[in-house]
Amino acid sequence: MAFIVKTMVGGQLKNLTGGLGGKEEKGEGEKSAAEAQGMTREEYEEYQKQLLEEKMEREAVYTQRKAERATLRSHFRDKYRLPKSEVDETQIQLAGGDVELPKELAKMIEEDNEEEEGKSSVIGQLSNIQNIDLDSIKGKAQSTLDDLKQSAEKCSVM
């Protein structure tokens, strides 16, 4: 408890006086951060540098993932004609602007687009209607085309 009070008040007191009193000698209970970790000063600085680099790498990966998700959301907004989001555009710009989707997500989108194209065709729409026998409809359509071809061959005008 005394240590917390001393660090809080001591730092403020040094700032206030400007360090006029000179350096105080460290007591036996006080140690530097490096000594508290059981390292030399150089080892401690190297350790801190390594921690900082790892943190920056994690933040870069995190930013990239956020940008990939924003790209996916913007793709779906374009697909379904929804309003664009400023937040997503900002996240994409923070990651460098040109963000590619992960392969798994791109594959899922491609499969989804193929399903949409299949549903948009006439036969795809007919398959959604219940109680329709598509095979019989295809057979009737084919026989009608064959009949039209035969009648066209018999026609003397053509």
Side-chain angles (χ1 to χ4, degrees), residues 1 3-12 14-16 32-34 36-158:
M1 182 72 172
F3 174 72
I4 296 172
V5 172
K6 187 173 183 179
T7 57
M8 291 174 60
V9 175
Q12 298 296 328
K14 281 184 183 179
N15 289 341
L16 184 64
S32 69
Q37 295 287 332
M39 300 180 213
T40 64
R41 183 175 181 93
E42 293 81 25
E43 289 174 339
Y44 185 73
E45 288 174 1
E46 183 66 30
Y47 175 72
Q48 290 296 328
K49 186 188 292 186
Q50 195 175 30
L51 285 178
L52 183 63
E53 289 174 2
E54 289 174 1
K55 181 180 178 184
M56 291 179 72
E57 288 176 15
R58 282 194 309 270
E59 288 177 357
V61 169
Y62 180 68
T63 303
Q64 180 68 25
R65 286 187 180 156
K66 283 176 71 174
E68 289 172 354
R69 292 184 198 118
T71 303
L72 182 66
R73 285 191 299 269
S74 65
H75 166 74
F76 282 121
R77 282 194 178 95
D78 291 341
K79 180 178 179 181
Y80 296 111
R81 297 183 188 107
L82 297 172
K84 293 185 178 183
S85 172
E86 293 287 329
V87 175
D88 288 345
E89 291 176 9
T90 304
Q91 288 176 347
I92 292 170
Q93 288 175 355
L94 284 176
D98 188 26
V99 179
E100 293 185 16
L101 292 177
K103 293 178 182 177
E104 298 91 21
L105 292 177
K107 187 176 179 182
M108 288 173 49
I109 290 173
E110 185 177 323
E111 290 173 359
D112 192 29
N113 287 341
E114 289 174 3
E115 288 178 17
E116 294 275 334
E117 289 173 4
K119 289 180 181 179
S120 65
S121 69
V122 174
I123 294 178
Q125 291 295 326
L126 289 176
S127 66
N128 289 337
I129 301 174
Q130 295 178 350
N131 301 326
I132 290 185
D133 186 18
L134 285 178
D135 294 329
S136 66
I137 292 174
K138 287 178 183 178
K140 288 179 185 178
Q142 189 65 37
S143 65
T144 304
L145 282 174
D146 291 340
D147 290 340
L148 284 173
K149 286 180 183 179
Q150 287 176 358
S151 63
E153 289 174 3
K154 292 179 184 177
C155 181
S156 61
V157 175
M158 294 183 133

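Quick note: numbers below take in every heavy atom, side chains included, and nothing from hydrogens, waters or symmetry partners.
- Salt bridge Glu53/Lys49: absent, no basic N to carboxylate O contact under 4.0 Å.
- Here OG1 of Thr144 is found 12.0 Å from NZ of Lys149. Values are rounded to the nearest 0.5 Å.
- Looking at heavy atoms from C-beta onward, Leu51 lies in side-chain contact with Glu54 at the 4.5 angstrom threshold.
- Here the straight-line distance linking atom NZ of Lys66 with atom CD of Glu59 works out to 10.5 Å at 0.5 Å rounding.
- Residue Glu104 holds its CD atom at 9.0 Å from NZ of Lys107, rounded to the nearest 0.5 Å.
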Kindly determine whether Tyr44 and Gln48 satisfy side chain to side chain donor-acceptor pair (under 3.5 Å), including the steps that lead there.
-> CA-CA 6 Å; Tyr44 185 73; Gln48 290 296 328; 3.1 Å; yes
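- Here the OG1-CE distance, from Thr63 to Met56, works out to 10.5 Å after rounding to the nearest 0.5 Å.
- Enclosure of atom CD in Glu111 by more than 12 non-hydrogen atoms of other residues, nucleotides or ligands within 6.0 angstrom is indicated.
- In this structure, the separation between CD on Gln93 and CD on Glu86 is 9.0 Å, given to the nearest 0.5 Å.
- By the neighbour-count criterion of 12 heavy atoms within 6.0 Å, atom CZ of Arg41 is sparsely surrounded, having that number or fewer from other residues, nucleotides or ligands.
- Between Arg73 and Gln91, the shortest heavy-atom distance links the atoms NH2-OE1, 3.3 Å.
- When all heavy atoms of Asp88 and Ser74 are compared, the closest pair comes out as OD2-N, 4.5 Å.
- Between atom CD of residue Gln150 and atom CG of residue Leu145 there is a gap of 11.5 Å, rounded to the nearest 0.5 Å.
- In this structure, Glu68 and Leu72 have side chains that are not in contact, with every pair of non-hydrogen atoms separated by 4.5 Å or more.
- For Phe76, the CZ atom counts as densely surrounded, since its 6.0 Å shell holds more than 12 non-hydrogen atoms of other residues, nucleotides or ligands.
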